[in-house]
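Fair warning: this is a prediction, and the values are worked out from it, not measured in the lab. Note: hydrogens, waters and symmetry copies are ignored here, and every other heavy atom, side chains too, is used.
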Amino acid sequence: MGIGKSRGTSPINVNDMLEKVEINQQIESEKQEIDKLLIEIREAKETLIKFNEDLEKAIAAECRIEGALKAAAGSCENIVRGICNAIVKAERDTKFKTTITPEQLTKLRQLIDHSIESWISVLANHRAEQAKLIAEHESNMRKIIRRNEGVWFSDFWMKVLVIFLIVYTVGLGLVVYCVT
């Protein structure tokens, strides 16, 4: 669509003009949005720069603290080493002076005598118990022998019995072999 025609001028295209205005308005609104985004980006950049500065300060403080801690650790090692050396020197150089009085020797002698007496009584009781157990065992053995429970051989008679049984078995075997 065009407005008026003149012979020497070109017609004005309203549609193009409206499109250009709309495009200009769209460009203007996008420009405003971009300006807002740029402001936000600048604020974010300033915040990041501030955080970066704070971080650098924190790193510098950490380095100082690390140096202080290393110095403290070295001091602690020196202190411990000094204490250990002092203990070793004290152990090496300390001499104890002791004295034992006659009363203390008397008390020690009494304690030793008392412990000896208690051990003597304990051993006497133990021996009495053993004697009692042995007597009971002998009594039980006598009862078994009186009732003829079991066979009792001395070593000599056991040897004689074994030799006799061997000779008897060999002789019996020879007789059976010769008969057949």
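The environment of CG in Leu111 is crowded: more than 12 heavy-atom neighbours from other residues, nucleotides or ligands sit within 6.0 Å. Atom CD of Gln130 is surrounded by more than 12 heavy atoms from other residues, nucleotides or ligands within 6.0 Å.
One distance of note links CG of Leu69 with OG of Ser75; it measures 11.0 Å at 0.5 Å rounding. One finds the CZ atom of Arg127 at 13.5 Å from the CD atom of Glu129 (value rounded to the nearest 0.5 Å). Interatomic distance, Arg64 CZ to Glu66 CD, rounded to the nearest 0.5 Å: 12.5 Å. Here the straight-line distance linking atom CG of Asn85 with atom CZ of Arg92 works out to 9.0 Å at 0.5 Å rounding. Ile34 contributes atom CD1, which lies 10.0 Å from atom CD1 of Ile41 (distance to the nearest 0.5 angstrom). The CD1 atom of Ile120 sits 12.0 Å away from atom CG of Asn125, with the distance rounded to the nearest 0.5 Å.
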Before giving the answer on salt bridge (Lys or Arg N to Asp or Glu O under 4.0 Å), spell out for Arg142 and Glu138 the whole-Å C-alpha distance, their side-chain angles and the decisive distance to 0.1 Å. CA-CA 6 Å; Arg142 275 190 224 110; Glu138 289 174 352; 3.8 Å; yes

Determine, stepwise, if the pair Glu40 / Leu37 fulfils side chain to side chain contact (heavy atoms under 4.5 Å, CB included). CA-CA 5 Å; Glu40 288 179 10; Leu37 286 173; 4.0 Å; yes

Please assess Leu48 against Asn52 for the test side chain to side chain contact (heavy atoms under 4.5 Å, CB included), listing each intermediate value before the final yes or no. CA-CA 6 Å; Leu48 284 175; Asn52 190 24; over 6 Å; no

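Under 4.0 Å is where a charged nitrogen must lie from a carboxylate oxygen, and between Glu53 and Lys57 no such pair does. Salt bridge annotation for Lys31-Asp35: absent, with no cationic side-chain nitrogen under 4.0 angstrom from a carboxylate oxygen.
Here the shortest heavy-atom pairing between Leu165 and Thr169 reads O-OG1, 2.7 Å. Contact record, Arg81 with Asn78: NH1-OD1, 3.1 Å, taken as the closest heavy-atom pair. The two atoms that bring Ser121 and Ser118 nearest to each other are OG-O, 2.7 Å, heavy atoms only.
Lys50 places none of its side-chain heavy atoms less than 4.5 Å from the side chain of Thr47. For the pair Ser139/Lys143, a side-chain contact is recorded, criterion being any heavy-atom separation below 4.5 Å from C-beta on. Side-chain atoms of Arg109 and Ile112, non-hydrogen and from C-beta on, do get closer than 4.5 Å to each other. Within the 4.5 Å cutoff, the side chain of Gln104 has heavy atoms near those of the Thr101 side chain.
A continuous path of Ile, Leu, Val, Met, Phe, Trp and Tyr side chains, each step under 4.5 Å between heavy atoms, connects Ile79 with Ile87, placing both in one hydrophobic cluster. Val80 and Val88 fall into different hydrophobic clusters, where Ile, Leu, Val, Met, Phe, Trp and Tyr residues are linked whenever their side-chain heavy atoms come under 4.5 Å apart, directly or through other members. When hydrophobic clusters are built by joining Ile, Leu, Val, Met, Phe, Trp and Tyr residues whose side-chain heavy atoms come closer than 4.5 Å, directly or via intermediates, Val175 is not grouped with Val167.
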